[in-house]
Amino acid sequence: MSPYLDYRRESDTLVISLRDDWTFGNVRMLHDALQEIDGGDTPQVVFQCGGLDTLDLSGAWVLFRRSQEFESQGRRTQFLHFKAAHFKFLKSITELRGDTSRAEGAGLSPPNLTTRIAGLLDSVGRSTVARVDDIGRVTRSLLDGVTHPSRLTVAETIRQIEQSGAKAVPIVVLITFLMGLVLAYQGANQLAQFGAQVFVADLVTVAMLREMGVLLAGIMVAGRSGSAFAAAIGVMKLNEEIDALRIMGLDPNRILVAPRVIALLVSLPLLTVLGMLAGIAGGFLLATTMLDISAAQYLERTAGAAKVNDFVVGIVKAPFFALLIAGVATLRGMQVSASADQLGRLTTTAVVQGIFLIILADAVFTIVFSSLGV
């Protein structure tokens, strides 16, 4: 007799009483104990809590697998006298999957649970593999485009640098310039309480070099170029132009995706530098016109606050932001397949996810740099 269960036959019912700890460390013994049960030809199997101490997800999974085997043999299974805490993990799963319960006492039923969980895991696995495959193909195309450039990819890359870089300069400079004004004004109001308004130059300089310059440039590029990438590739998918490229023996990732990724890798660092300078200029303008700070004082404080480390911290983020923006935008564009409605939805998704990812990456960089003391 197993220390984890005992069983008996009562007329036409096989009663299995569980006891001790049904946890991950005992999974093998639990499985063997359940497999050793010989229920004969009883049409019904009842699992009951006969001294069960602890049940975790692993133990419950073994139990449900065995119940499914009994049901595949044409027997009815039932759970009695289990505490709700014993099934909290799998109860949550079944509620999310929309299952109905019929286990008395426990409020949970095992029918089809194995199939449903397996289907869920299969779906997650397939989606993960597909995304990794997409990333791998894009990375390979990117490397091919850099190491073996052709006239087509070089021309497209230059065109994308113009579209995503040169033509984005006015809006990036304007936004960062205005943010410099805002930072200077809000910072001066707080610093004035301590008679330290002159340090507004330090505030604006450090903020623009470390965070705001690259972050604002990234957000503007995600909204402007990210949406353009997703929409352009999406329209080509709808018009079957990408299929035509494949028929001609051309790699769409190399022709369409790689130039856009390379273009942002070139453009975003340059836009970041311009954004930093524009933000500092905005703070300079407000400080010298509205605050009692001379141009010489402001420039002196700016020169003292502008450290190479701060500039490097800001500029090193730009290539990573560029990869995130271009990767998400081109991926969403490639996923368009059905209609114009899907095109609009995926374009919006590309922008939202791009902005979210660069802010998340910025937070990660901040934590890493802080832990390194940079």
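Only this structure's heavy atoms are used, side chains among them; waters, hydrogens and symmetry mates stay out.
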If only atom types and distance count, is the side chain of [X] paired as donor or acceptor with the main-chain N or O of [Y] below 3.5 Å?
{"X": "Lys237", "Y": "Ser337", "result": "no"}
{"X": "Arg260", "Y": "Leu256", "result": "yes"}
{"X": "Lys317", "Y": "Arg210", "result": "yes"}
{"X": "Asp21", "Y": "Asn26", "result": "no"}
{"X": "Thr288", "Y": "Leu285", "result": "yes"}

* To do: Could you tell me whether Asp243 atom CG has more than 12 heavy atoms of other residues or ligands within 6.0 Å of it?
  => yes
* Asked: Counting heavy atoms not belonging to Arg28, are there more than 12 under 6.0 Å from its CZ?
  ->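 Open.
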* Asked: Applying ring pair (Phe, Tyr, Trp, His ring centres under 6.0 Å), which residue pairs with at least one partner in residues 270-317 are found, sequence neighbours left out?
  ->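 Listed once each, the pairs are Phe284-Tyr298.
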* **ring pair (Phe, Tyr, Trp, His ring centres under 6.0 Å) contacts in which one or both residues fall within residues 320-374, not counting sequence neighbours** =>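 Ring pair (Phe, Tyr, Trp, His ring centres under 6.0 Å) check on residues 320-374 returns Phe320-Phe365, Phe365-Phe369.
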* Between Ile355 and Ile358, what is the shortest heavy-atom contact and its length? -> O-CG1, 3.2 Å
* To do: Quick one: closest heavy-atom pair of Gly354 and Ala222, and the distance?
  =>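 Answer, listing the atom of Gly354 first, then Ala222: C-CB, 4.4 Å.
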* To do: Please step through side chain to side chain contact (heavy atoms under 4.5 Å, CB included) for the pair Met212 and Thr176, ending with a clear verdict.
  => CA-CA 8 Å; Met212 301 307 295; Thr176 50; over 6 Å; no
Quick check: is [Y] connected to [X] through a chain of hydrophobic side chains (ILVMFWY, heavy atoms under 4.5 Å apart)?
{"X": "Leu274", "Y": "Ile325", "result": "yes"}
{"X": "Val368", "Y": "Val313", "result": "yes"}
{"X": "Ile280", "Y": "Ile171", "result": "yes"}
{"X": "Met290", "Y": "Leu203", "result": "no"}
{"X": "Val336", "Y": "Val257", "result": "no"}

* Sidechain N-carboxylate O distance under 4.0 Å for Asp6, Arg19 ->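 Salt bridge: yes.
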* Between Lys307 and Asp310, is a salt bridge (Lys or Arg N to Asp or Glu O under 4.0 Å) present by the stated rule, with each step listed? -> CA-CA 5 Å; Lys307 294 182 172 55; Asp310 294 330; 5.7 Å; no
Donor-acceptor pair between [X] and [Y] side chains, under 3.5 angstrom:
{"X": "Gln44", "Y": "Thr13", "answer": "no"}
{"X": "Glu69", "Y": "Gln35", "answer": "yes"}
{"X": "Gln160", "Y": "Ser267", "answer": "no"}

* Ile16 and Phe70: side chain to side chain contact (heavy atoms under 4.5 Å, CB included), yes or no, with the steps? -> CA-CA 12 Å; Ile16 302 174; Phe70 282 131; 4.1 Å; yes
* Find out whether Val328 and Leu357 are in side-chain contact, i.e. whether some heavy atom of one side chain is under 4.5 Å from a heavy atom of the other. => yes
Side-chain donor/acceptor pairs under 3.5 Å, residues 224-234, sequence neighbours excluded:
unit_1, atom_1, unit_2, atom_2, d
Arg224, NH1, Gln163, O, 2.6
Arg224, NH2, Gln163, O, 3.3
Arg224, NH2, Lys167, O, 3.4
Ser227, OG, Gly223, O, 2.7
Ser227, OG, Arg224, O, 3.1

